Amino acid sequence: MNRIIMHIDVNNAYLSWEAVYRLQMGEKTDLREIPSVVGGDEQSRHGIVLAKSNPAKKYSIQTGEALYTARKKCPNLVVVPVRYELYMMCHNAMTNILHDFSPNVQVYSIDEAFLDYTGMENIHGDPVEAAYKLKNRIKTELGFTVNVGISSNKLLAKMASELKKPDMVNTLFPDEIKEKMWPLPVRELFMVGPATAPKLYRLNIFTIGDLAQANPELLQYHLKSWGKLIRDYANGIENSPVSADARPPIKGIGNSTTIPFDVDSADEARKVLLSLCEMVGMRLRQAGYCAKLVSVYLRNTNLTGKSHQRKFATATDDTYQIFNRASQLMEEMWTGEALRGMGVHVSDLVPNDLFQISMFEPLNERRRRLDKSIDQIRMKYGPKSVIRSVFVNSGLAPITGGVIEDFKMMSSIL
DNA sequence: TCTGGGGTCCTAGGACCC
DNA sequence: TCTGGGGTCCTAGGACCC
């Protein structure tokens, strides 16, 4: 059966949302009309561009680049701080509108969603007309613009929404692939990233059309299974379902941070690790899992990183035990070089309702009860209502990392 | 005061087993 | 006195996405 899939993508999401908020607060200038970016905090060394206005784009400012270099490109650049709670509100408001057009909406990220319109023609009419209605409702009711892509699968719908911006409805049905998608640079295809593109150039593949018609064996030889995937995509072949609720079971939980200053003492490194483990542990318990595998990531001042992991015999959701394991891993790998960033990741998850208290760790149950009580206090009074004394006057955050509350994590998988 | 943080999946090599 | 071969698990690193 032929499906009708829409992909909805907010134009310059963080920046647009901030602009709309400021206009509502009575500000006169619209950030979308001047060179502006949403940027991280430079004092704490998080100074990168998270979103940019179209005028900023004209200075070839890139998402992810340092604010320092962005300012060099455009000295009068306006930089505004991030405001995740606002983005979450805008996201929720948009998602509500999408649900008026179909019950089957898959939230893909904070600013993107897929909508299965199949069978909805009887209620909302022609898909293109419905897409205009949807787009215009978001614009008039919420104040920001979106792009809508329409096709017969998620990949093509997503490629369609990129075709022409902003505030547009684009179609990319299979019979339009040759004309609309094949002339595009191969780098613009979903899943062709900064590593794959140069490999394709060396094979004389420069456009999506080149890739679509390339020799499958050649691609298989140079790019393994990746070659088949992207060649299929270039031909518009993809058939994953729009899965509304199905939050796939989580595979792992990780938190990482760039530390406000370089860390070269073991004592400080352990504190950073502990603050990360606090968040990982809390999230793990809230998700209802215990983890067997613990992984520690260290990033030095050259920005090169390395990781070290181990699978432990027992699964745990105990902050202190996660911290002990992480410390052990850190000691084994750390040569003492100054650290700019650190991360803790746990995986190999088992549901914690089957948790067995290890015979070798009699304190386990007591500590788990303590963790649980602290979680409850922190959820009620805020994450900083209970902190460990080692962090007082340390210059380090007592709890580090976090995800937006109740937000389905995005994934690079359609 | 230059370069974030959250994910998922894949691959390659070594260890180990039969 | 020339040593297979297939399978699984483990670990590190790399690819992509927003």
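Since the structure is predicted, the reported quantities are computational estimates derived from the model, not experimental observations. A note on names: the letters A, B, ... follow the listed sequences, proteins ahead of strands, and every chain is numbered from 1.
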Margin query: Let's see if you can work this out: which of B:dT3, C:dC16, B:dC9 has an atom nearest to the side-chain heavy atoms of A:Lys251?
Written below: B:dC9
Note to self: Just the rounded figure in Å: distance from P of B:dT3 to NZ of A:Lys52.
What the structure shows: 18 Å
Note to self: Let me confirm one number: the CG-CG distance from A:Asn104 to A:Leu98, rounded to the nearest 0.5 Å.
What the structure shows: 11.5 Å
Notebook entry, point to check: What integer distance in Å separates A:Leu303:CG from B:dC2:P?
Noted result: 12 Å
Notebook entry, point to check: Under 6.0 Å between ring centres, would you say that holds for A:Tyr117 and A:Phe101?
Noted result: no
Check: Of the nucleotides B:dT3, C:dC18, C:dC16, which has the atom closest to the A:Asp111 side chain?
Finding: C:dC18
Notebook entry, point to check: Using 4.0 Å as the upper bound for N to carboxylate O, is an ion pair formed by A:Arg378 and A:Glu278?
Noted result: yes
Next item on the list: Answer yes or no: does a side-chain N or O of A:Arg71 lie under 4.0 Å from OP1 or OP2 of B:dC2?
Entry: no
Checklist line | Upstream residue (5' side of DNA chain B) when A:His46 and A:Thr69 are each assigned their closest nucleotide | finding: A:Thr69
Next item on the list: Using heavy atoms to find the nearest nucleotide of DNA chain B for A:Gln43 and A:Leu50 separately, return the residue whose nucleotide is more 5′.
Entry: A:Gln43
Note to self: I need the CD-P distance between A:Gln106 and C:dC18, as an integer number of Å.
What the structure shows: 14 Å
With the criterion being N/O to N/O and under 3.5 Å, what pairs connect the protein with nucleotides 10-13 of chain B, and how long is each?
{"residue": "B:dT11", "atom": "OP1", "partner": "A:Ser225", "partner atom": "OG", "Å": "2.7"}

Notebook entry, point to check: Which pair of heavy atoms, one from A:Glu42 and one from A:Leu67, lies closest together, and at what distance?
Noted result: OE2-CB, 3.4 Å
Next item on the list: Determine the stems involving DNA chain C; a stem requires 3 or more consecutive pairs of the Watson-Crick or G-U wobble kind, each with both distances below 3.5 Å, and the answer is none if no such run exists.
Entry: B:5-18 with C:5-18
Note to self: Using a 4.0 Å cut-off on heavy atoms, which residues in residues 157-173 of chain A reach DNA chain B? List them by number, or say none.
What the structure shows: none
Next item on the list: Please step through salt bridge (Lys or Arg N to Asp or Glu O under 4.0 Å) for the pair A:Glu337 and A:Lys306, ending with a clear verdict.
Entry: CA-CA 12 Å; A:Glu337 81 263 37; A:Lys306 57 183 172 181; 3.7 Å; yes
Next item on the list: Report yes if some heavy atom in the side chain of A:Val186 is under 4.5 Å from a heavy atom in the side chain of A:Phe206; otherwise report no.
Entry: no
Notebook entry, point to check: Among B:dG6, B:dT3, B:dG4, which nucleotide sits nearest the side chain of A:Ser256?
Noted result: B:dG6
Item checked: Any pair counted as side-chain hydrogen bond (donor to acceptor under 3.5 Å, both in side chains), so long as it reaches residues 163-178 of chain A, sequence neighbours left out -> A:Lys135-A:Asp167, A:Lys139-A:Asp167, A:Glu162-A:Lys165, A:Thr171-A:Glu176, A:Thr171-A:Lys180, A:Glu176-A:Lys180
Check: Taking atom types as modelled and ignoring hydrogens, do the side chains of A:Ser240 and A:Glu238 form a donor-acceptor contact shorter than 3.5 angstrom?
Finding: yes
Next item on the list: Would you list the pairs meeting side-chain hydrogen bond (donor to acceptor under 3.5 Å, both in side chains) in which at least one residue belongs to residues 258-267 of chain A, sequence neighbours left out?
Entry: A:Arg45-A:Asp262
Check: At under 4.0 Å, does any side-chain N or O of A:Asn255 touch on OP1 or OP2 of B:dG5?
Finding: no
Next item on the list: Would you kindly give the CG-to-C1' distance between A:Leu189 and C:dC16, to the nearest whole Å?
Entry: 12 Å
Margin query: Please give me every residue in residues 333-349 of chain A whose heavy atoms get under 4.0 Å of an atom in DNA chain B, ordered by residue number.
Written below: A:Arg340
Checklist line | Out of B:dG4, C:dC18, B:dC2, whichever nucleotide has its closest atom nearest the side chain of A:Ser109 | finding: C:dC18
Note to self: Measure NE2/A:His222 against P/C:dA15 and give the value in whole Å, please.
What the structure shows: 17 Å
Check: NA contact type, A:Ser295, heavy-atom cut-off 4.0 Å: base, sugar-phosphate, or nothing?
Finding: nothing
Item checked: Derivation and outcome, salt bridge (Lys or Arg N to Asp or Glu O under 4.0 Å), residues A:Asp371 and A:Arg367 -> CA-CA 6 Å; A:Asp371 278 338; A:Arg367 282 207 309 264; over 6 Å; no
Item checked: Minimal non-hydrogen separation, A:Met120 against A:Asp116, with atom names -> CG-O, 4.1 Å
Check: Is any side-chain heavy atom of A:Tyr14 closer than 4.5 Å to a side-chain heavy atom of A:Thr63?
Finding: no
Note to self: Can you say whether a donor on the side chain of A:Glu65 sits under 3.5 Å from an acceptor on the base of B:dT3, or the other way round?
What the structure shows: no
Check: Does the side-chain hydrogen bond (donor to acceptor under 3.5 Å, both in side chains) test come out yes or no for A:Asn11 and A:Ser16, once each step is laid out?
Finding: CA-CA 7 Å; A:Asn11 301 126; A:Ser16 296; over 6 Å; no
Next item on the list: Identify whether any heavy atom of A:Gly47 sits under 4.0 Å from a base atom; if not, whether one sits that close to sugar-phosphate; answer base, sugar-phosphate or nothing.
Entry: sugar-phosphate
Check: Hey, does A:Leu276 have a side-chain heavy atom less than 4.5 Å from the side chain of A:Thr257?
Finding: yes
Item checked: Contact check, side chains of A:Arg388 and A:Thr319, non-hydrogen atoms, under 4.5 Å -> yes
